[in-house]
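First comes the structure, then the notes that go with it.
Only this structure's heavy atoms are used, side chains among them; waters, hydrogens and symmetry mates stay out.
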Amino acid sequence: MTTKVYTGASMSLDGFISGPDETGFDKLFAWYGNGDVTVETADPGMILRMTEVSATHWRRLVRETGALVVGRKLFDLTGGWGGNHPMGVPVVVVTHSVPDGWPREGAPFHFVTDGVEPAVALARELAGDGRHVGVNGGTIAQQCLDAGLLDEVGVDLVPVLLGGGTPFFTDLKSAPYELEGPLSIAEGKGVTHLRYRVRVRYA
């Protein structure tokens, strides 16, 4: 199976992955805890409780993902996930400079300071054959899309209007892009999981 590079995010109906001043996460991520199916993560302190539909969606992502590429903003916002991402895979952080105290022995984090293309290349190596690379954070996903590196876009669409904040995609250099799909639709509680294939890029 060819390694696929995908991005995915919980997004409001008006297109934001966070609200003004980094708010709205309680709304965007409510589906991680609004069900009766217990889902363990690689972080022993993080137990999710999803509906069966959302649990199936999450487990597929974990099963198919071999590495992640994230931006420095997300890395800092999460505190480096305490040294271990909940998906339990290697994480490549795109940054201008390596943060103090990193890298840490035993923590599967790698830092790339020369852009998304080498970061994705490293993530492909870390993912290994038959597993995919996930790209998280709107800015990094946007850069990968503009660089022709992104194969698929996933949206966990949440029925809330945030009225502002951080868009999933903005200031795309080569827009418009044509997406194919949805490849799949899964209706959870307070969320609809959608997947689209990046088909055509217009110069």
query = So which heavy atom on Val112 is nearest to which on Asp114, and how close?
reply = CG1-OD1, 3.0 Å

ask   = Any chance the side chains of Arg124 and Thr3 put a donor and an acceptor closer than 3.5 Å?
value = no

query = Angle class for the Trp102/Phe109 ring planes (parallel below 30°, perpendicular above 60°, tilted otherwise)?
reply = perpendicular

salt_bridge(Glu64, Arg131) N-O dist < 4.0 Å = no

message = Does Phe169 form a ring-ring contact (aromatic ring centres under 6.0 Å, His included) with Tyr177? I'd like the steps, not just the answer.
response = CA-CA 11 Å; Phe169 291 99; Tyr177 292 88; 8.2 Å; no

message = Test of understanding: clusters of I, L, V, M, F, W, Y form through side-chain heavy atoms closer than 4.5 Å, transitively. Do Val5 and Val89 belong to the same one?
response = no

ask   = Looking at Gly83 and Ala107, what are the two nearest heavy atoms and their distance?
value = O-CB, 3.6 Å

task = Hey, could you give me each pair passing ring-ring contact (aromatic ring centres under 6.0 Å, His included) that has a residue in residues 178-197? Not counting sequence neighbours.
result = Trp31-His193, His57-His193

Nearest atoms (heavy-atom pairs only) where Val116 meets Cys144 = CB-SG, 4.1 Å

request  = Give the ring-plane orientation class for Phe29 versus Phe25, where under 30° counts as parallel, over 60° as perpendicular and anything between as tilted.
outcome  = parallel

ask   = Would Lys73 and Glu22 pass as an ion pair if we require N to O under 4.0 Å?
value = yes

request  = Calculate, to the nearest 0.5 Å, the distance between atoms CG and CG belonging to Asn34 and Leu48 respectively.
outcome  = 11.0 Å

note = Shortest non-hydrogen pair, Val53 vs Gly188, comes out as CG1-N, 3.9 Å

